[in-house]
Undergrad: 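Here it is, the structure in full.
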Amino acid sequence: MKHNTILQQLSLSEMLQRHTVAELRFFFKQLSLKIKSGLRKDMMVKCVSQWILAHPDIVMTHLFTYELRMYDDIINHQEKEPWIPGYLNRMPFDDIVYSEDEGVKFYIAPDLAEKLRPLLADEIARREQSCEETIENSIIGLLNLRGAIPYEEYMDILEPIIQKDDSKGSIAYRFNRFVVGNDYNDELAVESPYIPGTDFNIFDARRVDSNVEPKRFTTEEIAKAGMMPYPQIGGASRSALKKQLLELGHSETGAENFLLNRWLEKQNDEINPLQVIDTLKYNSFEQAQATVMLMTEYANNMPYWRFKGWSSAQMAAETLKRTPGGMPHIVMGPNMRARGITSFEQLQEMAIRGEEIPDAPLAPTTKVGRNDPCPCGSGKKYKHCCGR
């Protein structure tokens, strides 16, 4: 499918013009640009657009490598039909255009695209060789797993890298885009690029359990979570659900988008397998049941930002482990034993089979002494059993 060049695309200045002055100043700050106060919006847009087009190499230093890869696909490899998740925090360089023949297509402002076209491949290769991409993805992976990390912890991760090689200092500038502050004190944190798709707030006690220690992830888990734009989060439960989605007829991109949406819904406490199930098509009732079970497993086993990366299943298991005495043991009382039911498991099996609980045996016709063996066969004295 070839890109329809007839479709109208906005220039860089037209894209920027659609934003408010406050949004523009925030965006320019991310590019380390200082704008004179009192400057009219149209003049501000004109000056900055000219600067960006004159310095595409500097602009790229503020973009993550995964963003450069997405831009390279959109500009130079349109046959891949690249797709950028709507939840992803992005620079206002790209937009979408719609055609009835081709559907939704992403594009970069054409005047900027021409400047970036010859530069992207070399810059991506340089970052691969210098390990910058690996470092970026490691930090992004940790952010995606935990939602956000305190700024001091982020610097502890980054500082040794900067000391080892000063050229890596540019990585810190890229992450400045995701630094947020607490409105009530001087706390800072670095957020996941996917935070805009949620209501998560690391400083809100209602959104983060302060009593939980952050989970430590393996190098492999962090690497998979840093695979942008579709983080591989959720382990075996994610893989099983994706396989099911592909069997239901989803495309690779469609399945990834579905998983991404469920992951972010979980962080908002909105995921409900029974509601989502109506949006899918099935060949049988059994297939629908299996999908609900797989979605529930996925929701319960994915890292949960509220618990600093621990899943709901892990937190439930930890709570149970810390409960004095562990799992309570249910013992059948004399009345149940009199009906022939000696364990909770037996009662469960009867319920599954739809069997009714039998009546208790008739009371004995002869008088039983309080100290005599109980006629129910429990082995206890009558006064300590059915005679109570």
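What you see below is based on every heavy atom in this structure, not just the backbone, and it leaves out hydrogens, waters and symmetry mates.
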Undergrad: Evaluate Arg306 against Asp269 for side chain to side chain contact (heavy atoms under 4.5 Å, CB included), listing each step before the verdict.
TA: CA-CA 10 Å; Arg306 180 187 291 274; Asp269 300 316; 2.8 Å; yes
Undergrad: Carefully, step by step, assess Lys215 and Ser311 under the rule side chain to side chain donor-acceptor pair (under 3.5 Å).
TA: CA-CA 9 Å; Lys215 182 182 178 183; Ser311 70; over 6 Å; no
Undergrad: Using only atom types and a distance under 3.5 Å, with no angle test, would you say the side chain of Ser237 pairs donor to acceptor with the backbone of Gly234?
TA: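 Flag set: sc Ser237 to bb Gly234 pair under 3.5 Å.
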Undergrad: Evaluate the side-chain proximity of Lys46 to Asp42: yes if any heavy-atom separation is below 4.5 Å, no if none is.
TA: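 Asp42 vs Lys46: side chains apart.
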Undergrad: Would you check if there is a donor-acceptor pair between the side chains of Thr20 and Lys41 at a distance under 3.5 Å?
TA: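 Distance-only check fails for Lys41 and Thr20.
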Undergrad: Is there side-chain contact between Met44 and Phe28, with heavy atoms separated by less than 4.5 Å?
TA: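 Yes. Closest side-chain heavy atoms under 4.5 Å.
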Undergrad: Tell me whether Asn89 contacts the main-chain N or O of Pro196 through its side chain, where contact means a donor paired with an acceptor under 3.5 Å.
TA: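 Answer holds: no.
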Undergrad: Validate the cation-pi geometry between Arg69 and Tyr71: distance from NZ or CZ to the six-membered ring centre under 6.0 Å, angle to the ring axis within 45°.
TA: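 That pair does not qualify as a cation-pi contact.
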Undergrad: Ring centres of Trp263 and Tyr298 under 6.0 Å apart?
TA: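 That pair fails the under 6.0 Å test.
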Undergrad: Between Ser192 and Ile140, is there a side-chain heavy-atom distance shorter than 4.5 Å?
TA: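 Contact flag for Ile140/Ser192 side chains = no.
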Undergrad: Determine, stepwise, if the pair Phe93 / Ile52 fulfils side chain to side chain contact (heavy atoms under 4.5 Å, CB included).
TA: CA-CA 10 Å; Phe93 295 148; Ile52 290 174; 4.1 Å; yes
Undergrad: With a 4.0 Å cut-off, would you call Glu153 and Arg146 a salt bridge?
TA: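 So Glu153 pairs with Arg146 through a salt bridge.
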Undergrad: Report the C-alpha distance between Arg238 and Met302 in whole Å, list the side-chain angles of each, state the deciding distance to 0.1 Å, and finish with yes or no for side chain to side chain contact (heavy atoms under 4.5 Å, CB included).
TA: CA-CA 8 Å; Arg238 182 188 191 278; Met302 69 173 68; over 6 Å; no
Undergrad: At what distance, to the nearest 0.5 angstrom, does CG of Leu143 lie from CG of Asn137?
TA: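 Reported value, rounded in 0.5 Å steps: 11.5 Å.
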Undergrad: Restricting to non-hydrogen atoms, name the atom on Met70 and the atom on Ile84 that form the minimum distance, rounded to 0.1 Å.
TA: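 Looking at all heavy atoms of both residues, the shortest contact is SD-CG1, 3.9 Å.
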Undergrad: Check whether any side-chain heavy atom of Gln129 lies under 4.5 Å from a side-chain heavy atom of Arg126, and answer yes or no.
TA: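 They are not in side-chain contact.
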Undergrad: Check whether Trp305 reaches the backbone of Asn144 with its side chain - one donor and one acceptor, N or O, closer than 3.5 Å.
TA: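 Yes: the side chain of Trp305 pairs with the backbone of Asn144.
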Undergrad: How about Asp186: does its CG atom have over 12 heavy atoms from other parts shown lying under 6.0 Å from it?
TA: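 For Asp186, atom CG is not crowded (no more than 12 foreign heavy atoms under 6.0 Å).
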Undergrad: May I ask whether Leu24 and Phe26 are part of the same hydrophobic cluster, defined by side-chain heavy atoms of I, L, V, M, F, W, Y residues being less than 4.5 angstrom apart, directly or through others?
TA: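 Result: no, two separate clusters.
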Undergrad: How long is the straight-line distance from CD1 of Ile149 back to CZ of Phe178, given to the nearest 0.5 Å?
TA: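 That separation rounds to 12.5 Å.
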Undergrad: With heavy-atom distances below 4.5 Å as the criterion, would you say the side chains of Pro150 and Glu187 are in contact?
TA: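 No. Closest side-chain heavy atoms not under 4.5 Å.
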Undergrad: Hey, any chance Val48 and Ile58 share a hydrophobic cluster, counting ILVMFWY side chains that come within less than 4.5 Å of each other, even indirectly?
TA: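 Yes, Val48 and Ile58 fall within the same hydrophobic cluster.
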Undergrad: How close do Asp209 and Asn211 get, heavy atom to heavy atom, and via which atoms?
TA: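 In this case the closest contact between Asp209 and Asn211 is OD1-N, 3.0 Å.
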Undergrad: Of all the heavy-atom pairs spanning Tyr107 and Leu10, show the shortest one and how long it is.
TA: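 Minimum heavy-atom separation between Tyr107 and Leu10: OH-N, 3.0 Å.
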Undergrad: Is there a side-chain contact between Tyr194 and Pro85, using heavy atoms and a 4.5 Å cut-off?
TA: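 SC-SC contact between Tyr194 and Pro85 confirmed.
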Undergrad: Strictly distance-based, threshold 3.5 Å: is any side-chain N or O of Glu67 a donor or acceptor partner for the main-chain N or O of Phe64?
TA: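 At least one qualifying donor-acceptor pair exists.
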Undergrad: Run Ser13 and Ser11 through side chain to side chain donor-acceptor pair (under 3.5 Å) and show every step you take.
TA: CA-CA 6 Å; Ser13 60; Ser11 66; 3.3 Å; yes
Undergrad: Check this for me, if you would: do Arg206 and Asp199 make a salt bridge, where the nitrogen-to-carboxylate-oxygen distance has to be below 4.0 angstrom?
TA: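 Salt bridge flag = no for Asp199 with Arg206.
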Undergrad: The test is salt bridge (charged side-chain N to carboxylate O under 4.0 Å, His left out); show your working for Arg127 and Asp122 and say whether it passes.
TA: CA-CA 9 Å; Arg127 295 191 188 184; Asp122 287 343; over 6 Å; no
Undergrad: With distance as the sole test, does Glu136 use its side chain to make a donor-acceptor pair with the main-chain N or O of Thr65 at under 3.5 Å?
TA: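 Checked: pair present.
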Undergrad: Hey, quick one: are Leu260 and Leu246 part of the same hydrophobic cluster, counting side-chain heavy atoms closer than 4.5 Å, chains of contacts allowed?
TA: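 No, because Leu260 and Leu246 fall into different hydrophobic clusters, even though each may have its own neighbours under 4.5 Å.
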Undergrad: Once you round to the nearest 0.5 Å, how far does NE2 of His55 lie from CE of Met60?
TA: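 Between His55 NE2 and Met60 CE, I get 13.0 Å after rounding to 0.5 Å.
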Undergrad: Between the main-chain N or O of Val208 and the side-chain N or O of Lys308, is there a donor-acceptor pair closer than 3.5 Å?
TA: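 Side chain of Lys308 to backbone of Val208, a donor-acceptor pair under 3.5 Å: no, none is there.
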Undergrad: For a quick test of reading the model, state the closest non-hydrogen atom pair linking Lys266 to Ser312 and the distance between them.
TA: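 Between these two residues, the closest heavy atoms are NZ-OG, 2.7 Å.
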Undergrad: Step by step, would you call Leu245 with Leu294 a side chain to side chain contact (heavy atoms under 4.5 Å, CB included)?
TA: CA-CA 10 Å; Leu245 293 171; Leu294 290 171; over 6 Å; no
Undergrad: List the atom of Asp94, the atom of Met15, and the distance in Å for their closest heavy-atom pair.
TA: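 Reported closest heavy-atom pair: C-CE, 3.8 Å.
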Undergrad: Dump the intermediate steps for side chain to side chain donor-acceptor pair (under 3.5 Å) on Thr291 and Gln244, then the final yes or no.
TA: CA-CA 7 Å; Thr291 305; Gln244 179 78 347; 3.0 Å; yes
Undergrad: Can Val180 be reached from Met155 by stepping across I, L, V, M, F, W or Y side chains whose heavy atoms are under 4.5 Å apart?
TA: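 The answer is yes; both residues are in one hydrophobic cluster.
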Undergrad: Would you say Asp111's side chain and Leu12's backbone share a donor-acceptor pair under 3.5 angstrom?
TA: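 Checked: pair present.
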Undergrad: Taking the hydrophobic residues Ile, Leu, Val, Met, Phe, Trp and Tyr, and joining any pair whose side-chain heavy atoms are under 4.5 Å apart, which ones share a cluster with Tyr304?
TA: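 ILVMFWY cluster around Tyr304 also holds Val212, Phe307, Trp310, Met315.
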Undergrad: Working to the nearest 0.5 Å, report the span between CG of Leu119 and CG of Asp57.
TA: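 So the CG of Leu119 and the CG of Asp57 are separated by 7.0 Å.
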Undergrad: Enter the distance from Ile171:CD1 to Ile135:CD1 here, rounded to the nearest 0.5 Å.
TA: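 Between Ile171 CD1 and Ile135 CD1, I get 4.0 Å after rounding to 0.5 Å.
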Undergrad: Is any NZ, NE, NH1 or NH2 atom of the basic residue among Glu220 and Lys224 found under 4.0 Å from an Asp or Glu carboxylate oxygen of the other?
TA: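 Salt bridge flag = yes for Lys224 with Glu220.
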Undergrad: Determine which pairs satisfy ring-ring contact (aromatic ring centres under 6.0 Å, His included) with at least one residue from residues 202-243, sequence neighbours left out, and list them in order.
TA: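 Passing the test, one end in residues 202-243: no pairs.
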Undergrad: Is there a path of hydrophobic side-chain contacts, each under 4.5 Å between heavy atoms, that joins Phe27 and Trp51?
TA: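 They do share one cluster, since a chain of ILVMFWY contacts under 4.5 Å joins Phe27 to Trp51.
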Undergrad: For Leu120 versus Asn76, what's the shortest heavy-atom pair and its separation?
TA: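 Between these two residues, the closest heavy atoms are CD1-ND2, 4.3 Å.
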Undergrad: Roughly how far apart are Glu297 CD and Leu241 CG, rounded to 0.5 Å?
TA: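 One gets 10.5 Å once the value is rounded to the nearest 0.5 Å.
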Undergrad: Under the 3.5 angstrom rule, does the side chain of Glu221 hit a backbone N or O of Thr218 as a donor-acceptor pair?
TA: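 Indeed, once roles are kept as given, a pair shorter than 3.5 Å links the two residues.
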Undergrad: Side chains of Tyr151 and Val179: closer than 4.5 Å at any heavy-atom pair?
TA: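 Yes, at least one pair of side-chain atoms sits under 4.5 Å.
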Undergrad: Mark yes or no for whether Arg174, through its side chain, and Thr61, through its backbone, hold a donor-acceptor pair below 3.5 Å.
TA: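 Indeed, once roles are kept as given, a pair shorter than 3.5 Å links the two residues.
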Undergrad: Quick one: are Leu142 and Ile139 in side-chain contact, heavy atoms under 4.5 Å?
TA: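 A side-chain contact under 4.5 Å is absent here.
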Undergrad: Taking the basic N atoms (NZ, or NE/NH1/NH2) and the acidic carboxylate oxygens, is any pair closer than 4.0 Å for Glu247 and Lys242?
TA: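 A salt bridge is absent here (no side-chain N lies under 4.0 Å from a carboxylate O).
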Undergrad: Looking only at atom types and distance, does a side-chain atom of Asn261 sit under 3.5 Å from a main-chain N or O of Asn257, one as donor and one as acceptor?
TA: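 Between the backbone of Asn257 and the side chain of Asn261 there is a qualifying donor-acceptor contact (under 3.5 Å).
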